[in-house]
Amino acid sequence: GAGVSQSPRYKVAKRGQDVALRCDPISGHVSLFWYQQALGQGPEFLTYFQNEAQLDKSGLPSDRFFAERPEGSVSTLKIQRTQQEDSAVYLCASSLGAYGVYEQYFGPGTRLTVT
Amino acid sequence: DAKTTQPNSMESNEEEPVHLPCNHSTISGTDYIHWYRQLPSQGPEYVIHGLTSNVNNRMASLAIAEDRKSSTLILHRATLRDAAVYYCIRGSQGNLIFGKGTKLSVKP
């Protein structure tokens, strides 16, 4: 069956450019999460959606980071004026239930390199 | 700190059992214990989770101490495909708080 997909898989951006990362969750999954994973570290939570509502954005590192899920399915993570410290793998995960203890299914991630 | 404590790395021989320990001494009564693993160049993959009782599924077993301050993930027969970083996570809400995990190497 189809899992979580992310695009692009790799993105190289020059410092100062804006980027948009896409996540296609598993169909019917209510919850969607974004995580950032620096090299050699575990993933760090960025933001959480329940359907189209962004219920938690406490992990977004700055106001240059913006996420949306307008129709409660596909989500986009946008980073404005990229900086070198934004270089990381950005992971998207979805789960069937609402905020609570449900298995999360992760996509393969988008590796962002800012030069 | 909501993160758990795990050894940085462990080694196992193929087809032998592996016991991956995790300390979570400040766990609250509503926190579940989750285990995920991450193979190279892939997103994390769910392994198992539990609250108080030991849990078994097709991938692994989870043994939880009676005081819930520690737990052990048990892979009954390690294969080369089990080589990965294993994350032990405590939490009662949706977002997962990952630590650095344990890098498991499996020798043929």
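It should be emphasised that the depicted structure is a prediction, and the values quoted were computed from it without experimental measurement. Quick note on labels: first sequence line is chain A, next is B, and so on, each numbered from 1. Heavy-atom basis, side chains included; hydrogens, waters and symmetry copies ignored.
In summary, B/R68 and B/D31 do not engage in a salt bridge, as defined by a charged side-chain N under 4.0 Å from a carboxylate O. With respect to B/R77 and B/E16, no salt bridge is recorded, no charged nitrogen being found less than 4.0 Å from a carboxylate O.
Using a 4.5 Å cut-off between heavy atoms, A/P43 contacts chain B through both its backbone and its side chain. Proximity to chain B is absent for every atom of A/Q6, based on heavy atoms less than 4.5 angstrom apart.
The choice from B/Q42, B/H49, B/Q38 that makes the most heavy-atom pairs within less than 4.5 Å of chain A is B/Q38.
By the side chain to side chain donor-acceptor pair (under 3.5 Å) test, A/S95 pairs with no residue at all, sequence neighbours left out. Partners of A/S5 according to the side chain to side chain contact (heavy atoms under 4.5 Å, CB included) rule, which considers only residues two or more places apart in sequence or in another chain, are A/D24. Taking the side chain to side chain donor-acceptor pair (under 3.5 Å) definition, one finds that A/Y35 meets it with A/Q104, sequence neighbours left out.
Within 6.0 Å of the CG atom in B/D67, the count of heavy atoms belonging to other residues, nucleotides or ligands exceeds 12.
Counting heavy atoms from C-beta on, the side chains of B/L39 and B/E45 come closer than 4.5 Å.
For residues 66-76 of chain A, an interface with chain B (any heavy-atom pair closer than 4.5 Å) does not exist.
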